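By convention in this document, chain letters (A, B, ...) are assigned in the order of the sequence lines, proteins followed by strands, and residues within each chain are numbered from 1. Here the structure is a predicted model, which is why all the values come from computation and not from measurement.
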Protein chains: 2
Amino acid sequence: MNAEKQTYHHGGLRDALIEAAAQILEAEGPSKMSLRSIARKAGVSQAAPYSHFANKNALLIEVAAFGFSRFSDALEKPAPLSNEAEDLREHLAKLGVVYVNFALENKALFQLMFGDALSHITKSETYLKEGARAYDCIDKAVRRLKDDAAATLAAWSMVHGLATLMVDQKISPTEDTEQQVRSILQFLALN
Amino acid sequence: MNAEKQTYHHGGLRDALIEAAAQILEAEGPSKMSLRSIARKAGVSQAAPYSHFANKNALLIEVAAFGFSRFSDALEKPAPLSNEAEDLREHLAKLGVVYVNFALENKALFQLMFGDALSHITKSETYLKEGARAYDCIDKAVRRLKDDAAATLAAWSMVHGLATLMVDQKISPTEDTEQQVRSILQFLALN
DNA sequence: TATGTAAACTTAACAATGTTAAGATAGAAT
DNA sequence: ATTCTATCTTAACATTGTTAAGTTTACATA
């Protein structure tokens, strides 16, 4: 199974389309990610995607779900060293750095994941699952320090706000993002 | 000069187009804000806008500039009662409430202003001026409490993050946004 | 006042996009 | 072997941003 297109039926077109979309999104940006260019990259005709997705947005939801999957993986990597406040704070800082770095390294994907474009679309199972996994990472890390829903929202807002302002080019990018993240988190008081 | 379209030349088409765009944006959302629908609303042909703007994005920059103008006006309304820390904190909280309320009451406009869509476009004079006016409001309010660039960024990130998460429907909206803003700002430590 | 020039506008066309309809192909079940 | 159905193709549609070419108007100058 290494020939790339010998059968009439593609075989795994659904996944191939999601991957093609993600590649175009990263390489050429959202404006170039047309349904037709995605189909072209997957080696099928312009209307082929409609056998697997109701419309373009239904495909994009899966691209976003793929993004949340990678995002959650990245957020689960760091682990708190101990239960002492100092280590828990360090853990939270590491999550913040991962969050912002993911946004900067996957600009268009991050915007698709967190933007409003797909808000009114029916979410898929995997989208909801992977999104919840990311949220849980943040929520648990905060609540070990301060068991308060508002604290999670405060921390999330601060980090997400920084990521958003950077990705949307509302603040000039720094060379050292880690230092930037840590410098604002010093003003987050979880007591 | 109250007849609405009697001359071949419109007279004030440039401003009329900006206003028409802003109205469509608020009333029908960004997807309905096509250059053609804007022209239709202003009572001119589809190509008429090109006499006043290089392209659609150049018009949208002016819509965003209009948004920043309103935004800055709103942010300039509250004034600190005194120089005591308590009053300065209260002033900052008020700015946060204004910020988030503006975002929620002008969802599509807020997304146009702060989104990435126009980032690579050449900014107009008024866009830069009105944007700077908004930033100065926030910066000055923070620096009266803590004269540190990182503190401004921390406060801005937190409030902007909350606004973004709400507008992009990543968190479920609360009935009382003021209370929501204040509840996260309690975790912002400016000492 | 008459004339020329440039700005402001119109109509018509173009390629690209998302989507649908109709039909062709092929793998699987009977 | 035949039928059925999912998967795919081709062709068409309306809508979009944009450009080209031509028309109308305002205004400066003679």
Peer 1: For residues Tyr135(B) and Phe71(B), establish whether the separation of their ring centroids is below 6.0 Å.
Peer 2: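 No, the ring of Tyr135(B) stays outside the 6.0 Å limit from the ring of Phe71(B), centre to centre.
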
Peer 1: Please tell me whether Glu178(A) and Asn101(A) have a donor and an acceptor in their side chains that are separated by less than 3.5 angstrom.
Peer 2: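 Glu178(A) vs Asn101(A): no donor-acceptor pair found between side chains.
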
Peer 1: Could you check whether Ser51(B) gets within reach of a base, just the sugar-phosphate, or nothing at all, counting any heavy atom under 4.0 Å?
Peer 2: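 Base contact - Ser51(B) has a heavy atom under 4.0 Å of at least one base atom.
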
Peer 1: Which nucleotide wins on minimum distance to the side chain of Ala48(B), given the candidates dT16(D), dT10(C), dT10(D)?
Peer 2: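 The listed nucleotide nearest to Ala48(B)'s side chain is dT10(C).
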
Peer 1: When you get a sec, tell me which of dT17(C), dC9(C), dA12(C) is the closest nucleotide to the side chain of Ala47(B)?
Peer 2: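 The answer is dA12(C).
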
Peer 1: Please pick, from dG18(C), dT18(D), dT7(D), the nucleotide with the shortest atom-to-atom distance to any side-chain atom of Tyr50(A).
Peer 2: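 That would be dG18(C).
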
Peer 1: From NZ of Lys32(B) over to P of dG17(D), roughly how many Å is that when rounded to an integer?
Peer 2: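 The distance from NZ of Lys32(B) to P of dG17(D) comes to 13 Å, rounded to the nearest Å.
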
Peer 1: Between Leu60(A) (CG) and dG18(C) (P), how many Å, whole number?
Peer 2: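 Value for this atom pair: 9 Å.
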
Peer 1: Ser45(B) side chain: which of dT10(C), dG18(C), dT9(D) is closest?
Peer 2: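 Among dT10(C), dG18(C), dT9(D), the one nearest the side chain of Ser45(B) is dT10(C).
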
Peer 1: To the nearest angstrom, how far is Arg14(A) atom CZ from dC8(D) atom C1'?
Peer 2: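 Taking atom C1' of dC8(D) as the reference, CZ of Arg14(A) is at 17 Å.
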
Peer 1: Between Arg133(A) and Glu130(A), is the closest basic N to carboxylate O distance under 4.0 Å?
Peer 2: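 Judged by the 4.0 Å cut-off on N to carboxylate O distance, Glu130(A) and Arg133(A) do form a salt bridge.
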
Peer 1: Within less than 4.0 Å of OP1 or OP2 of dA7(C), is there a side-chain N or O belonging to His52(B)?
Peer 2: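 Looking at the OP1 and OP2 atoms of dA7(C), neither is under 4.0 Å from any side-chain N or O of His52(B).
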
Peer 1: Output the rounded distance in Å from CZ (Arg40(A)) to C1' (dG18(C)).
Peer 2: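 Rounded to whole Å, this separation is 13 Å.
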
Peer 1: Quick one: Arg36(B) CZ to dA12(C) C1', roughly how many Å, whole number?
Peer 2: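 Going from Arg36(B) (CZ) to dA12(C) (C1'), I get 11 Å.
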
Peer 1: Just how far, in rounded Å, is C1' of dT15(D) from NZ of Lys56(B)?
Peer 2: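 Between C1' of dT15(D) and NZ of Lys56(B): 12 Å.
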
Peer 1: Any donor-acceptor pair under 3.5 Å between the side chain of Gln46(A) and the base of dA16(C)?
Peer 2: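 Result: no qualifying N/O pair found.
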
Peer 1: Taking CG from Asn57(B) and P from dT18(D), how many angstroms apart are they, rounded to a whole number?
Peer 2: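 One finds 7 Å between P of dT18(D) and CG of Asn57(B), rounded.
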
Peer 1: Less than 4.0 Å between a side-chain N and a carboxylate O, is that true for Arg144(A) and Glu84(A)?
Peer 2: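 Salt bridge flag = no for Arg144(A) with Glu84(A).
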
Peer 1: Without swapping roles, check the side chain of Lys170(A) against the backbone of Gly115(B) for a donor-acceptor pair under 3.5 Å.
Peer 2: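 Yes, because the side chain of Lys170(A) sits within donor-acceptor range (under 3.5 Å) of the backbone of Gly115(B).
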
Peer 1: How long is the line joining CG of Leu35(B) and C1' of dC9(C), in whole Å?
Peer 2: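 Atom-to-atom, Leu35(B) to dC9(C), this comes out as 14 Å.
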
